[in-house]
Amino acid sequence: MRGNCAASAPALIFRDMDKSEIADIFEEIAVLLELTGENPFKARAYTNAARMLDTYEGDLAQLVAEDRLEELPGIGKALHQKITELVKTGRLEYYEKLRASVPEGLLAMMDIPGLGPKKIKAFHEKLKITSLAELEAACQDHRVGKLPGFGAKSEEKILAGITQSREYAHLFRYAEAWAEAEEIREALRGHEAVIQLSLAGSLRRGREIIKDIDLVASSSEPAEVMDYFVSLPGIKQVTNHGPTKSSILLESGLSVDLRVVSDKEFPYALHHFTGSKEHNVAMRQRAIAQGKKMSEWGLFLTGSGKKKNAEDDGELVPCRTEEDLFAALGLQYIPPELRENLGEIEAAEKNEIPRLVEWTQLRGTFHCHTNWSDGKNTLSEMAGEARELGLDYLGIADHSKSSFQANGLNEDRVGEQIELIAKLNTQIDDFHVFAGSEVDILKDGRLDFSDDVLKRLDYVVASVHNVLNQEEDEMTKRVIRAMENEYVTMLGHATGRLLLQREPSKINLGKIIDCAARTGTWIELNCSTWRMDMDWRWWHRARDLGVKCAINPDAHRVSQLAMLRHGVIMARKGWLRREDVVNTLSLAAVKKALAR
DNA sequence: GCCGTTTTCGGCCCGACTGTTTTCAGTCG
């Protein structure tokens with residue numbers, strides 16, 4: 001999660017310091033300690049404390065007040081003192097001094113793949129490098145390659161990494177952007193001059209990766225709304241402040257555009273600023289073909305359809321909503337998630353926009369972790385939270401033994417966990433926990449457990465976690481071999497993540513989908529580890545072949561279960577319908593589907 | 001810097017991969 005954050009470090013002075021802010025500071029201290037060559041275990045102590053604070057559900061301020069911080073795991077005398085200072089004063093002298101002692105550019109280097117504290121330290125000490133630009137120059141004139149332990153390939157990789165990091169520096173994941181947008185919407189909704197207000201742009205369309213937040217509002221007093229908007233808290237910079245359009249840059253690095261129009265213009269503006277560009281082009285062409293003209297200001301009857309100037313606009317086709325606008329062009333309503341000009345206009349013309357899956361249709365989830373492997377919560381905590389969310393069932397799929405780093409379960413512990421889940425199920429009658437496992441797909445496509453172990457489980461998620469550098473052909477064969485195992489229920493997220501990585505895809509998804517259709521394997525639509533935009537047309541193919549997909553949060557803590565909502569958006573972008581998504585099955589239907 | 005004791009200090013996740021070396025250090029998951 002650090003990712004982009006390292007470059008834009010938090011301000012040194014905080015008010016109302018909360019747990020996650022303290023966790024962020026501890027995370028950064030850990031990196032800084034590594035960069036200064038401190039004992040790595042000291043750095044790890046800060047990382048561990050940060051993770052603990054992130055998941056701690058209690059009242060931190062109260063613990064501080066009662067001097068009971070050391071009851072928390074991973075908090076000793078030193079961290080007790082530091083947390084207390086942060087909570088009481090909103091700042092930490094130790095952190096400020098540490099930060100001042102390390103050039104900011106070194107932190108930014110941590111985001112370059114293949115660079116860690118040791119190498120960065122070497123650049124700094126031996127080449128006096130303090131920024132990405134200096135590092136780039138040093139690679140170009142081969143000073144880096146002359147350092148012991150580095151060579152021509154290192155220089156190439158670093159240069160590629162720098163280019164990439166520049167390209168992606170201002171991209172945010174959907175969930176991050178959405179949370180920021182919610183706060184601003186909340187604030188704007190409270191303003192009396194705002195009549196209608198909506199998200200627009202890529203965020204409204206549910207893209208995985210967001211560049212900025214677009215908002216559209218209607219008002220008869222646009223200037224008032226603008227003044228209010230640019231005075232909201234949390235703004236780093238006002239980059240634009242006009243009477244109907246303003247832009248702000250948030251502390252997080254996200255920029256937000258707000259456009260205010262008259263209430264009459266709202267549906268046209270909303271459609272226009274929702275995009276995508278490709279969808280809009282196709283819509284305008286359609287309007288022209290019908291003798292109309294479409295823009296952000298309205299849909300007009302032009303007669304010839306060739307007039308370009310605003311003064312030449314003909315009569316406005318009145319629309320109160322986006323639904324009216326689509327209808328005026330002879331189209332069924334197209335949900336924002338589908339507006340990519342990937343066939344949605346043709347489908348809407350024939351009234352064939354599928355009925356997409358809704359959050360309220362989800363009955364349960366598979367693939368969640370517990371503290372048996374690398375999850376943060378207990379089995380019963382996870383089950384409790386899933387129940388709170390209104391689900392009927394929860395699938396537990398902790399890691400298998402080969403995932404050492406994740407404390408994967410061996411055969412004995414799997415057996416113990418199956419028994420524990422069976423016991424838990426006897427204690428609750430309106431909710432069910434399925435005993436599964438996220439089993440590693442080994443390098444050659446064999447699975448981490450023998451069939452004797454696999455068949456004792458309710459279901460099996462097969463995932464690739466290591467040896468990610470195989471050629472496309474080899475990786476595809478490896479995954480297909482795993483999917484052909486009769487006990488494998490679904491293909492897990494790590495494979496999905498491969499597809500989302502910045503590097504070119506190393507798996508033939510067409511073959512994987514064909515295999516899923518042939519073997520009846522479900523494919524997991526991952527919603528917690530998005531990296532880059534996915535080509536959703538693959539999911540059209542999956543749907544056409546009758547492949548079932550699973551919306552799984554891959555939750556490692558109770559708070560991540562809500563990620564299921566984002567999974568619904570992903571499913572919508574793939575045009576998946578209720579019947580395509582296994583999570584919409586009732587408990588009885590799941591039991592039937594998993595019966596062997 | 002924390003923890004668990006063996007109350008004073010050693011251990012703290014571990015294996016694969018990469019690019020460099022020719023046996024290994026650093027990074028990653």
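Per chain, numbering begins at 1; letters A, B, ... match sequence-line order.
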Rounded distance in Å between the [atom1] positions of [N] and [M]:
{"N": "B/dG4", "M": "B/dC13", "atom1": "P", "value": "13 Å"}
{"N": "B/dT21", "M": "B/dA25", "atom1": "P", "value": "13 Å"}
{"N": "B/dT20", "M": "B/dG26", "atom1": "P", "value": "14 Å"}
{"N": "B/dC14", "M": "B/dT8", "atom1": "C1'", "value": "28 Å"}
{"N": "B/dT23", "M": "B/dC17", "atom1": "C1'", "value": "15 Å"}
{"N": "B/dT18", "M": "B/dG11", "atom1": "P", "value": "32 Å"}

Atom [atom1] of [X] and atom [atom2] of [N]: how far apart are they, to the nearest Å?
{"X": "A/E38", "N": "B/dG1", "atom1": "CD", "atom2": "C1'", "answer": "9 Å"}
{"X": "A/N48", "N": "B/dC12", "atom1": "CG", "atom2": "P", "answer": "14 Å"}
{"X": "A/M475", "N": "B/dC17", "atom1": "CE", "atom2": "P", "answer": "11 Å"}
{"X": "A/K42", "N": "B/dC2", "atom1": "NZ", "atom2": "P", "answer": "10 Å"}
{"X": "A/M109", "N": "B/dT27", "atom1": "CE", "atom2": "P", "answer": "13 Å"}
{"X": "A/I25", "N": "B/dG1", "atom1": "CD1", "atom2": "C1'", "answer": "18 Å"}
{"X": "A/I83", "N": "B/dG1", "atom1": "CD1", "atom2": "P", "answer": "13 Å"}
{"X": "A/K121", "N": "B/dT27", "atom1": "NZ", "atom2": "P", "answer": "11 Å"}

Legend entry - Ring center gap for A/Y95 and A/Y46 short of 6.0 angstrom: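 Judged by ring-centre distance (under 6.0 Å), A/Y95 and A/Y46 do not meet the cut-off.
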Legend entry - Ring centres under 6.0 angstrom apart (A/F366, A/W522): yes
Legend entry - Residue matched to B/dC17 through Watson-Crick or wobble contacts both under 3.5 angstrom: B/dG26
Legend entry - A/T370 and A/D398 side chains, donor-acceptor separation under 3.5 Å: yes
Legend entry - Salt bridge flag under 4.0 Å for residues A/K121 and A/E34: no
Legend entry - Nucleic acid footprint by protein, nucleotides 18-25 of chain B - heavy-atom cut-off 4.0 Å, B for base, S for sugar-phosphate alone: SSS-----
Inset, instruction - Please test A/V439 against A/Y487 for side-chain contact (heavy atoms from CB on, under 4.5 Å), starting from the C-alpha separation and ending with a verdict. - result: CA-CA 11 Å; A/V439 178; A/Y487 297 110; over 6 Å; no
What contact category does [X] fall into here, base, sugar-phosphate, or nothing, at under 4.0 angstrom with non-hydrogen atoms?
{"X": "A/Y94", "value": "sugar-phosphate"}
{"X": "A/I75", "value": "sugar-phosphate"}
{"X": "A/K82", "value": "sugar-phosphate"}
{"X": "A/N39", "value": "base"}
{"X": "A/P40", "value": "nothing"}

Legend entry - Of the listed nucleotides B/dG1, B/dC17, B/dT27, the one nearest the side chain of A/K443: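 Nearest listed nucleotide: B/dC17.
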Legend entry - Side-chain N or O of A/R44 closer than 4.0 Å to phosphate OP1/OP2 of B/dG11: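 No, A/R44 has no side-chain N/O under 4.0 Å of OP1/OP2 on B/dG11.
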Legend entry - Position toward the 5' end of DNA chain B (nearest nucleotide), A/F41 or A/P117: A/F41
Legend entry - Residue mapping more 5' on DNA chain B - nearest nucleotide basis, A/G76 or A/A406: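 Going by which nucleotide is closer to the 5' end, it is A/G76.
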Legend entry - Enclosure of A/R51 CZ (heavy-atom neighbours >12, cutoff 6.0 Å):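 Counting other residues, nucleotides and ligands, CZ of A/R51 stays at 12 neighbours or fewer.
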Inset, instruction - For A/E66, look at atom CD and say whether over 12 heavy atoms of other residues, nucleotides or ligands are found less than 6.0 Å away. - result: yes
Legend entry - Inter-residue atom distance A/I441.CD1 - A/M475.CE, 0.5 Å rounding: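 Rounded to the nearest 0.5 Å, the CD1-CE separation comes to 8.5 Å.
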Inset, instruction - Rounded to the nearest 0.5 Å, what's the gap from CD1 on A/I523 to CG on A/D580? Could you check? - result: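 The CD1 atom of A/I523 sits 12.0 Å away from the CG atom of A/D580.
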